[in-house]
Amino acid sequence: MSWLHTWAGFAFGWLLFFIFVTGSAGYFENEIDRWMKPEIAIVNTPIDDFTILNKAQQQLNSLAGDGAQWYISYPSIRDPHIDISWLQLANTELDIPRQWHEKNLDPYTNNAISSRETSGGETLYRLHYNLHYVPIMVGYLVTSLATLFMLIALVTGVIIHKKIFIEFFTFRTGKGLRAWLDIHNIFSVLPLPFHLMITYSGLVLLMGISFAPVIDATYGEGKKIHRQFYDLFQVEDQQQQFIELNTADLSLETALKDAKVRYKNQAISYLGLIDRHTSQPSFEVWLDANEGIEFATLITYRIVNERVQIAQSIGKTHSAAQVYDILEHLHEGLFAGTYLRWLYFISGLLGAGMIATGMIIWVNKRKKQQTRLINVIDKLNAAVIVGLPIAIACYFLSNRLLPLAMLDRAEWEMHSLFIAFALCGVFCALRVADKAWQNMLWVAAALYAFIPLCNMLTTEHNLLLSAQKGDWLMLGFDLSMLLFSACFAFSAVLLQKHTSKIAI
């Protein structure tokens, strides 16, 4: 079991570290989006739901009169702004592709604001399961395999540590390898329930890809057959009823009014108008969920048999899909409030720390061998464990430094991340391992300290103004960057002291 634990963790160690770091960033995907779109106008004071609807409809009528679908996003704690989006259907005669458009609304001037083109928090989050520069199916399969090895490493880790909880309360500083083992135990045991949940649920979420032959054997092969399977699997269970409302009066306004009466204690998240310009339009009202692990409730208004019918989604029809939904919601944590989301994020970083310390322990156990391979792996550890945070810092900085009118700007933000990652690898390859660790930690500290400064120099935002305007997401992001900078600087100082003692 000890052998299996070691090699299951080592086999995909660097990839698992990449998955945990980028996946953890996803828990603040919306907040990262806010920082990477500094042009967005935020809502500081409460605005009546119908006022927002009227303002949004004015702009949608002007900008998206021929749009097939309309959506209006209401302000929330995580997204304190008003957004409108619409679906533009393809027009072959005018060479217009089918695509979605999105604008931000200034709540005070009612102007539609175009934010900069950016990959944002979503693309950074998606890296943890589809990777990049590889076919999406390959990304799914590789991350599934890595997750399977992670689950094996977790289970075997519990088995080999007979005194796992006693060891959790033991930390011996200055003891070399023993100290690394102690910190590895702390990072492993403290968030162990999270690690098991996030790993097992990650496997299940991608099971349709990694276990596709099971679907092939039961339902048949081909994308069309698979689509039929998923449509059957994901059937929604709905509560339906007819209401006393004139069909001629059905609109976004009347749907919103009815929903606010029926669900008085639930805030409005989205309004949607589906299948516009057809005889059977649908009106959607999305409400914030009050309890459980559902993050939203969907209410749909439509005309059926010349009467107005409302349908509320209450979950999946089939039990397997219900289990899948539970694991999906636990994995993504979209239901989580501020404090629980921070707990998710910190647990994810502890997972990354667990993997990083495991890789460092693997090298330290074999350093006496002084082989070229061990030296190369030590350098690669530095390139990945510190290089990835450096690359993410460069990703954020590219959002501020790349020209706003640059072609394929969003793609180049992501290119910047991987270019920086590759340069870290080259730098570490050319340096002595101990020096590479120190240099990389100081570079990371400097870059994260520079992010708030760069934000101040290139936009109208800074720490003081963000606090004055109540733009807590922008302020929180900048403060988090300074905290990361301090952590990297502290680590660099500790490593420098440790290296000096060894030299003496």
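In this chain, residues are counted from 1 in sequence order.
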Listed partners of I361 passing side-chain contact (heavy atoms from CB on, under 4.5 Å), at least two apart: L177, W180, L181, H184, K365

Note: T22 and I19 closest approach over all heavy atoms is OG1-O, 3.4 Å

Considering all heavy atoms of both residues, which atom of Y200 and which atom of L151 are nearest to each other, and what is their separation? CD1-CD2, 4.3 Å

For K316 and E236, indicate whether the former's side chain and the latter's backbone hold a donor-acceptor pair under 3.5 Å. no

W437 vs K379 side-chain heavy atoms within contact, under 4.5 Å: no

Looking at N104 and A41, what are the two nearest heavy atoms and their distance? OD1-N, 2.8 Å

From L483 CG over to D478 CG, what is the distance, rounded to the nearest 0.5 angstrom? 12.5 Å

Closest heavy-atom pair, K37 versus S115, reported as atoms and distance to 0.1 Å, is CD-OG, 3.7 Å

With a cut-off of 3.5 Å and sequence neighbours excluded, list every side-chain donor-acceptor pair involving residues 139-149.
from	atom 1	to	atom 2	distance (Å)
T143	OG1	Y129	O	3.1
T143	OG1	G139	O	2.8
T143	OG1	Y140	O	3.0
S144	OG	Y140	O	2.8
T147	OG1	T143	O	2.6

Does the side chain of N375 reach to within under 4.5 Å of the side chain of T371, using non-hydrogen atoms? no

Test item: R409 side-chain N/O and P403 main-chain N/O as donor-acceptor pair under 3.5 Å: yes

Measure the spacing between SG of C424 and CD1 of I385 and express it to the nearest 0.5 Å. 12.5 Å

Contacts of V43 meeting side-chain contact (heavy atoms from CB on, under 4.5 Å) (sequence neighbours excluded), chain-then-number -> I47, P75, I82, P107

List the atom pairs, donor and acceptor, that lie under 3.5 Å between side-chain atoms in residues 212-225 and the rest of the protein, sequence neighbours left out.
from	atom 1	to	atom 2	distance (Å)
D216	OD1	H226	NE2	2.6
T218	OG1	V214	O	3.0

More than 12 foreign heavy atoms under 6.0 Å from CZ of F335: is that the case here? yes

Looking at H195 and T199, what are the two nearest heavy atoms and their distance? O-OG1, 2.7 Å

Within a reach of under 6.0 Å around CE of M207, are more than 12 heavy atoms found that belong to other residues, nucleotides or ligands? yes

Is there a side-chain contact between I451 and W35 in this structure, where contact means two heavy atoms from C-beta onward sitting under 4.5 Å apart? yes

Using 0.5 Å steps for rounding, measure from the NE2 atom of H5 to the CD1 atom of I152. 12.0 Å

Are the side chains of R126 and E29 in touch, meaning some heavy atoms are under 4.5 Å apart? no

Can a donor-acceptor pair be found, under 3.5 Å and without considering hydrogens, that links the side chain of S491 to the backbone of C487? yes

Report yes or no: does H331 contribute a side-chain atom to a donor-acceptor pair with the main-chain N or O of S201 at less than 3.5 Å? no

side-chain contact (heavy atoms from CB on, under 4.5 Å) with E413: which of T123, L124, N399? N399

Donor-acceptor check, side chain of S485 to backbone of A445, threshold 3.5 angstrom: yes or no? yes

Derivation of the side-chain contact (heavy atoms from CB on, under 4.5 Å) call for R400 and R116: CA-CA 10 Å; R400 294 296 191 261; R116 65 186 62 195; 4.1 Å; yes

With rounding to the nearest 0.5 Å, note down the distance linking CD1 in I390 to CG in L397. 11.5 Å

For the ring pair H415 and Y133, is the centre-to-centre distance below 6.0 Å? yes

Pair H128 and F18, ring centroids less than 6.0 Å apart: no

Nearest-0.5 Å distance that lies between atom CG in L447 and atom SG in C454: 10.5 Å

Under 4.5 Å between any side-chain heavy atoms of D83 and K103, yes or no? no

Using distance only, find each side-chain donor-acceptor pair of residues 459-468 under 3.5 Å and give its atom names and separation, not counting sequence neighbours.
from	atom 1	to	atom 2	distance (Å)
T459	OG1	N455	O	2.6
T459	OG1	N455	OD1	3.1
T459	OG1	H461	N	3.1
H461	NE2	P38	O	2.9
N462	OD1	L464	N	3.0
N462	OD1	L465	N	2.7
S466	OG	N462	O	2.8

I'd like to know whether CZ of F211 has more than 12 heavy-atom contacts from other residues, nucleotides or ligands below 6.0 angstrom. no

Does a side-chain heavy-atom distance below 4.5 Å link H132 with F418? yes

Exceeds 12 heavy-atom contacts within 6.0 angstrom, atom CD1 of I77: no

Check whether any side-chain heavy atom of L15 lies under 4.5 Å from a side-chain heavy atom of F12, and answer yes or no. yes

Check N44 against G470 and note the closest heavy-atom contact, atom names and distance. OD1-O, 3.9 Å

Is a side-chain donor or acceptor of D325 paired with a backbone partner of G315 at a separation under 3.5 angstrom? no

Under 3.5 Å, side chain of D33 to main-chain N/O of G121, donor-acceptor pair present? yes

Taking the side chain from R34 and the backbone from N30, do they hold a donor-acceptor pair closer than 3.5 Å? no

Derivation of the side-chain contact (heavy atoms from CB on, under 4.5 Å) call for Y74 and S269: CA-CA 5 Å; Y74 275 66; S269 295; 5.9 Å; no

Check the surroundings of atom CH2 in W362: do more than 12 heavy atoms from other residues, nucleotides or ligands lie under 6.0 Å from it? yes

Can I get a per-line list of side-chain donor-acceptor pairs under 3.5 Å for residues 336-354, giving both atom names and the distance, sequence neighbours left out?
from	atom 1	to	atom 2	distance (Å)
R341	NH2	A336	O	2.6
Y344	OH	L330	O	2.6
S347	OG	L343	O	2.7

Stepwise side-chain contact (heavy atoms from CB on, under 4.5 Å) check, L380 with M359: CA-CA 10 Å; L380 285 173; M359 297 297 290; over 6 Å; no

Pair R227-D231, salt bridge (charged side-chain N to carboxylate O under 4.0 Å, His left out): steps then yes or no: CA-CA 6 Å; R227 185 70 265 167; D231 290 343; 3.3 Å; yes

Measure from the ring center of Y448 to the ring center of F488 and say whether it is less than 6.0 Å. yes

Does F233 have its ring centroid less than 6.0 Å away from the ring centroid of Y324? yes

Any heavy-atom pair between the side chains of L127 and M414 that's under 4.5 Å? yes

Is it true that F17 and W14 have ring centroids separated by less than 6.0 Å? no

For V158 and L192, what are the C-alpha separation, side-chain angles and deciding distance, and is it a side-chain contact (heavy atoms from CB on, under 4.5 Å)? CA-CA 9 Å; V158 172; L192 181 60; 4.0 Å; yes

Could you tell me if the ring centre of F396 sits under 6.0 Å from that of F477? yes

When rounded to the nearest 0.5 Å, the distance separating CZ of F10 from CG of L16 is 12.0 Å

